[in-house]
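On a predicted model such as this, the values are computed, not experimentally measured, just so you know.
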Amino acid sequence: MKRRTLLAGAGTALTLTAATSYSQLRPADVPVLPDAPAGDERLEQRVSRARGRTVDFWTAVPAGHGDGRGLPVCLVLHGASKTAADFPALGLARFLTDSVRRGNAPFVLAGATGGRLGWRPGPADDPQRMVHEELPAWCAERGFATRSFAVLGWSMGGAGALLLAETFPGFVHCAAALSPALAAGDEAFTRAGALRGVPVGLWCGTDDGLADTARAFEKVLPQPKAAGTYEPGRHNFGYWSRCLPAVCDLVARVNP
C-alpha cells in the first residue's frame, strides 16, 4: 500500500487550536493524501454571468500529462464549507496523479465556486447554469474534451451532482456523490428516474446523519449503483479522502 500523508485543516472537524492536537483527533477524522505529486494545477478567476459575479475556476491535470489537452473532464462541486480556492489544499490534484499511477486512464478535474445555494437555480444567482453552460466553455478554452462530463460532489455538492445529472440528460455520463445533502422526498428523489443509464457512485459514512437518506436514495435509483460503500466515517474529509481513490476508479472506468 502506498504511503499516505496527513492533511491538516481540510475537514470541518479539523480546525486546530492551541487546545487541540493530533493526539486528540480520532484517526478516522484525519484526512489522508496519496504519496503522489500534483500535476498542472491552476486557480484562475472568471466572470460568471450565471452567478452575476467573478468566481474562482480551478483545474488539475495528472502529473506527466502536460496541460491536459484532449483529456476528458470530471467536474467538481464543493460542499457548503468550501470553495474552489480550497481545492489545492484538499489535495485533489494528488488523488488524480495517484489514480493514473494505479493504472487508470487519465482525466482532468475542473470546478468553480458555486456559493451556498446547493447548486440549485436562483433568480439572480444560478450556479447550476454556470456548471452546465460556462464551465464547459472554460474547459474547452483549455483544450479539454467536452463532449460529456463526469461529476463529483460532496455534501451539498453531492446533491448538486445528482441534480445536475437529472436536470440535463446526456450532459453527465457518470455521477459520484459523497454524503449527498439530500432530504427524503426532495426533487433529487422524485426525478431519480432521469438517472437511468447513468452510472452513479454513492458513498456515505455510517456515522453521518445523512446515511439513512443516502441509503433511501439508493433504493430509488433506476439501476443498481455503479460504486460506493457505507463504512465507518463522519461528515468530513477524513472520511471523504478515503473514498476518493474509489471515486477516481469509477470516473476513469466510465469516461468516454
Side-chain angles (χ1 to χ4, degrees), residues 5-17 20 25 28-34 38 41-46 48 50-51 53-60 73-96 98 108-120 122 125-128 130-131 134-135 138-139 149-164 175-182 201-205 207-210 214 233-248 251:
T5 55
L6 299 177
L7 175 62
T12 57
L14 296 181
T15 301
L16 299 180
T17 66
T20 306
L25 293 172
D29 287 340
V30 179
V32 291
L33 293 180
E41 184 176 26
R42 306 184 192 183
L43 183 65
E44 307 169 349
Q45 288 196 318
R46 298 293 178 98
S48 169
R51 295 211 60 215
R53 68 197 68 197
T54 298
V55 300
D56 288 315
F57 170 53
W58 170 89
T59 58
V73 178
C74 177
L75 303 173
V76 183
L77 307 189
H78 59 75
S81 66
K82 301 295 180 185
T83 71
D86 295 304
F87 292 174
L90 296 176
L92 300 185
R94 293 173 62 176
F95 284 98
L96 199 55
D98 176 71
V108 171
L109 293 175
T113 298
R116 299 173 65 90
L117 294 178
W119 299 96
R120 289 172 166 83
D125 185 355
D126 191 343
Q128 187 183 75
M130 176 188 72
V131 174
E134 295 175 324
L135 263 178
W138 300 340
C139 287
F149 298 85
V151 62
L152 153 68
W154 63 87
S155 189
M156 178 184 80
L162 298 170
L163 285 169
L164 184 73
L178 302 171
S179 309
L182 298 170
L202 191 61
W203 291 260
C204 194
D207 301 312
D208 190 325
L210 293 169
R234 299 197 285 181
H235 199 79
N236 57 34
F237 261 91
Y239 171 71
W240 299 325
S241 67
R242 303 200 308 273
C243 302
L244 283 172
V247 171
C248 290
V251 171

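Here Y239 and W203 keep their ring centres 6.0 angstrom or further from each other.
Side-chain contact check for F237 versus S81: every heavy-atom pair is 4.5 Å or farther apart. When side chains are defined from C-beta on, F95 does not count as touching L109, because their heavy atoms never get closer than 4.5 Å. A 4.5 Å side-chain heavy-atom check between S241 and L33 finds every atom pair outside the cut-off. Looking only at side-chain heavy atoms (C-beta outward), W154 and S179 stay at 4.5 Å or farther from each other. Contact of the P31 side chain with the W240 side chain is not registered, since no non-hydrogen atoms from C-beta on lie closer than 4.5 Å. Side-chain contact between D126 and R51 is absent, with no heavy-atom pair separated by less than 4.5 Å. Side-chain contact between F149 and L135 is absent, with no heavy-atom pair separated by less than 4.5 Å. Counting heavy atoms from C-beta on, the side chains of L244 and L178 come closer than 4.5 Å.
In this structure a side-chain-to-backbone donor-acceptor pair under 3.5 Å is missing from R234 to D207. The backbone N or O of T113 sits nowhere less than 3.5 Å from a side-chain atom of H78 that would complete a donor-acceptor pair.
In summary, the side chains of E134 and S48 do present a donor paired with an acceptor at a separation below 3.5 Å, with no hydrogens or angles considered.
Applying the side-chain hydrogen bond (donor to acceptor under 3.5 Å, both in side chains) rule to R42 yields the partners D40; only residues at least two apart in sequence or on another chain are considered. Remark: R53 pairs with D125 by the salt bridge (charged side-chain N to carboxylate O under 4.0 Å, His left out) rule, at least two apart or across chains.
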